[in-house]
There are 2 protein chains.
Amino acid sequence: MTLIQLYDTTLRDGMQGQGMSLSAAEKVRVVRALDRLGVSFIEAGFPSSNPKEAELFRLLAEIELERATICAFGMTRRRGLAAEDDPALVSLVSAPAPVVTLVGKTWTLHLEKVTRVTREENLAMIVDSVNLCRAEGKRVVYDAEHFFDAWRDDRAYALECLRVAVAAGAETVTLCDTNGSSLPAEVAAATASVVGELGERVRIGIHTHNDAECAVANSLAAVEAGARMVQGTVNGYGERTGNANLVSILPALQLKLGFDCVPTDRLRTLTETAHFVDELTNTTPDPDQPYVGRNAFAHKGGMHVAGVQADARTFEHLDPRLVGNSRDVLISELSGKGSVLSRAEGAGIDLDADAAKRAIERIKEREHRGYHYEAADASFELLLRREAGEYRPLFRLESFRVITEKRADGRVETEATIKIWVDGRRYVRTAEGNGPVNALDRALREAIGELHPHLAAVELADYKVRILDSHQGTGAVTRVLLDAADGQRTWGAIGVSENIIEASWEALVDSLEFAFQEGQAPTASSASLPGAAGSVAG
Amino acid sequence: MTLIQLYDTTLRDGMQGQGMSLSAAEKVRVVRALDRLGVSFIEAGFPSSNPKEAELFRLLAEIELERATICAFGMTRRRGLAAEDDPALVSLVSAPAPVVTLVGKTWTLHLEKVTRVTREENLAMIVDSVNLCRAEGKRVVYDAEHFFDAWRDDRAYALECLRVAVAAGAETVTLCDTNGSSLPAEVAAATASVVGELGERVRIGIHTHNDAECAVANSLAAVEAGARMVQGTVNGYGERTGNANLVSILPALQLKLGFDCVPTDRLRTLTETAHFVDELTNTTPDPDQPYVGRNAFAHKGGMHVAGVQADARTFEHLDPRLVGNSRDVLISELSGKGSVLSRAEGAGIDLDADAAKRAIERIKEREHRGYHYEAADASFELLLRREAGEYRPLFRLESFRVITEKRADGRVETEATIKIWVDGRRYVRTAEGNGPVNALDRALREAIGELHPHLAAVELADYKVRILDSHQGTGAVTRVLLDAADGQRTWGAIGVSENIIEASWEALVDSLEFAFQEGQAPTASSASLPGAAGSVAG
């Protein structure tokens, strides 16, 4: 099998994405996760850019990696300076990383409008910079910026930039679609030409951006045309529309096209790795993300479920276990007994035939009233637990009251009082909040937090409300969907009522009861309400 | 230029996405937006599946579209039934849509494991179904389900399924990558073969899913191989990882590959259309979405900005204005001076240059805080009126208070008290409601209904809530979108606040003030609250 090197730039190009930031310690955790996944190269950063980056390279020099090689990234020398007099380049070659990735200009438009150097000077900048790195004992990856734009405008010069880098000792030259302008057919043709010209003397790499929603396809097209290194980021992080998503490129190369990227068993850590990095960067995982998303292998409807049970290939493009994901059966009006039983089994709930029948009746009756369990896995599991006799109530509600007041001075105040019973004891608590749901949440957690401190780790991650207008005359109802998370996983709860406060309360209670039943929320701080929940449930 | 038909299936396949639901009235709004964008076909739904869909087709039959043709979607006849005895097929051909899109099996694995019909019977099912549609005067698009999987397993049979559909009179046969298993090179090769075999007798279409993150590239590859119809959804909605995203396919085909899909000026409504449909489906727009995302043309760093000023091509893959997007992240399509002036003119507001400048500043400042005027035309017009000095307040608020109580007997009660001033007189009113917004609405109308009885005809038609979490650390806020209607027209109002009650109040007041300013609400009954509003604002 042909080896393809995966080159991860999450920690450098990925960090250009909006709102991205990681501490040096978090970056080390990402490096370990990527090494475990089995990538070949990890671009850790730009050593000259700030002291934090220097600290990161020091930390990385101390840890042992199994497969991955650390790369330091920087630009070719400034014009008019000898390479060894350029401070950025000097700090780049001083970083304790075996590989230096140098980016340089390739596109004549950029020479004219941006860097304002002659074509000859640009070639000298490339040569001098590669030479310095080689003289310092570094392996060199040369990234040809805007390569495909350059190819469109002046092929000979674009190729000449690559040639001089190869002659100076670069082991890989990367064709970069920096502005994301290219489509797969062009990438394939240009890459094939470069491979034809230089492929015997150097490895060709590909680096794409997702501006045309083709970054993954462009990377695959380049590999099929002979490229042997693919640069990208975890989950496609990156500026504008993002970089090429390695999480999608890896399974396509290895499982669909038969290339060798990582050891097969490592591929099973893909879903976990993708979610872990989302967690560190505080990015909400995309439920629809290819291969690793919660919905990526979700099946809807009786025919799909029956088909998958007969032969998974009928409705699945690959076995979700190969990438560490699992088959999720969505619940809807169309779903039958098979999917209810398989969901119960997945959740470890012992549902006998009678209980399954009762559960299905209950689902149908509730869906008729506006419940919708597709995005409410927590409420669904609670429903199954109730029918299976495995449900333990967290508390019993006596009453609650919420008051929101907009005062004459313009201030808005919200206060909630709840009265609940837990283990025969009555708790009365009042809390303020920045909205009625937040106030109820705080009051409830003040009461139950004393008994179940681990529930404090549950945060409200998202809250959505919709009015369902039914023309069947049953009257309009409010549907609340609430996502909660505990730092490891996310679950959805639903509430339906004519009254938005009651619907929100129902979803709120389900989200906490789910964590309580599962007993999976990590034991945590004594704070009864974490920041995110405080700001979310307006 | 070669014409490519865009075939939108947002309202059918897109609605298979998790949590998607739209009312018949909202679907009509989507149809109008797609027609304005200029797509060729709009698949409205599955007429046999439920009475709501039948209602939609009736509504659509009454409106006039400029370019788009409505399609009704259904399956080939059931086995062992004559086509004219299959109730689903009969209701399909009875729907008032000029085009019927029939989906049928192509993959022998599905014949064996799922439908359990012989190869011959499957061909007969295709032929009989197309024949019935043609006999009823319908144009037919034949969707060959799992075509690329079928092609891998048994090319001759896959092709035979297409051939019999063509012979029976289908005007287009669509190659469907139903499970999303395919990559661009395969799609290109298979499509080229089919075009070679059948391309002179029929139009070839392509329908892809995003399971390998290649749906857009697969669609482009098929077109480059000779396909002339592309099926997809707005923003790539759809089950699992979504369908092919028409919002990315359209600009690539038209601006990068030189095909003709929609009139050039319509392409400028792309961003607005994408965001409008997100608003209706209560989907958070993806800021990193190619072409239309808020970050799609965002520039970071001084060098980029200087480069773009020297020559935009240096860092932009295309001119954002061509797709209705813009370079400045904070300026939405509504806040350009041209669009502000044209909106003011459309609303009969006399906005001079200074007022327009102030309005643009105000819009930017409010968008920064989470306002979003694309689906809130009423709030937008009120903003313009305020800057033009044409705003007349309906009342002045002194204070309000809302109490929601869940009592020990399980009953939920909500009561609102408002204190307002109108024409120097103070009104204090208390009302109950089935939720806090409804109670506030009733109390407000009891007060102003005495002076402005025509406002009683204003009904709250929809109410949506979303939490906006800002990565900039300013804290999460609640955004409420409220649609109101008076039986003749519908308008949208927006409210943004940390507190859901205050945000709802703001939108509620805007929705009534809009009707008051316009003076367009018809004089109506003396009832202070119509039925729909009573049931809507939970």
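Within every chain, numbering begins at 1; the chains are lettered A, B, ... in the order of the sequence lines, protein sequences first and strands thereafter. All figures in this text were calculated on a predicted structure; none of them were measured in a lab.
Here the closest heavy-atom approach between residue I403(A) and residue I403(B) is recorded as CG1-CG1, 3.9 Å. Nearest heavy atom pair, residue T314(B) against residue H110(A), reads O-NE2, 2.7 Å. Summarising the geometry of Y291(A) relative to D211(B), their closest heavy-atom pair is CE1-O, 3.7 Å, with the distance given to 0.1 Å. Listed here is the closest heavy atom pair of K256(A) and A212(B): CE-CB, 4.3 Å. When every heavy atom of R240(A) is checked against every heavy atom of A298(B), the shortest pair comes out as CG-O, 3.6 Å. Shortest non-hydrogen contact noted between N499(B) and P436(A) is OD1-CD, 3.7 Å.
In this structure, the separation between NZ on K406(B) and OG on S497(A) is 7.5 Å, given to the nearest 0.5 Å. Atom-to-atom distance recorded for N434(A):CG and T478(B):OG1 is 7.5 Å, nearest 0.5 angstrom. Rounding to the nearest 0.5 angstrom, the gap separating the CG atom in D177(B) from the NE2 atom in H317(A) is 9.5 Å. Interatomic distance, N438(A) CG to I500(B) CD1, rounded to the nearest 0.5 Å: 11.5 Å. The line from OG1 of T404(B) to CZ of R401(A) is 11.0 Å long, rounded to the nearest 0.5 Å. Once rounded to the nearest 0.5 Å, the distance linking CZ of F315(B) with CD of E239(A) reads 9.0 Å.
At a 4.5 Å heavy-atom cutoff, the contact between S21(B) and chain A is made by backbone and side-chain atoms alike. With a 4.5 angstrom heavy-atom cutoff, I249(A) does not touch chain B via any of its atoms. For chain B, no part of R396(A) is nearby; none of its heavy atoms comes within less than 4.5 Å. If you measure heavy-atom distances from L318(B) to chain A, you find no contacts under 4.5 Å at all. Contact of W107(A) with chain B is made through the side chain alone, with heavy-atom distances under 4.5 Å. For a residue to count as touching a neighbouring chain, one of its non-hydrogen atoms must lie under 4.5 Å from one of that chain's; by this rule E502(B) touches chain A with the side chain only. Proximity to chain B involves both the backbone and the side chain of V402(A), based on heavy atoms less than 4.5 angstrom apart. With a 4.5 Å cut-off on non-hydrogen atoms, E415(A) does not touch chain B at all. For R294(A), no part sits under 4.5 Å from any heavy atom of chain B, backbone or side chain.
When the candidates Q289(A), K419(A), H146(A) are compared by the number of heavy-atom contacts under 4.5 Å with chain B, H146(A) comes out ahead. Among R313(A), K464(A), E316(A), the residue with the largest count of heavy-atom pairs under 4.5 Å with chain B is R313(A). Contact count versus chain B (heavy atoms, under 4.5 Å) is highest, among A416(A), A408(A), G410(A), P251(A), for A408(A). Ranking A503(B), S248(B), A252(B) against chain A, the residue ahead of the rest is S248(B), based on heavy-atom pairs under 4.5 Å. Counting heavy-atom pairs closer than 4.5 Å to chain B, the top residue among A376(A), G180(A), A215(A), G238(A) is G180(A).
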**Q.** Verdict with supporting geometry, L183(B) and L257(A), side chain to side chain contact (heavy atoms under 4.5 Å, CB included)
**A.** CA-CA 9 Å; L183(B) 299 178; L257(A) 295 173; 3.6 Å; yes
**Q.** Verdict with reasoning, L220(B) to C214(A), per side chain to side chain contact (heavy atoms under 4.5 Å, CB included)
**A.** CA-CA 10 Å; L220(B) 301 180; C214(A) 287; 4.1 Å; yes
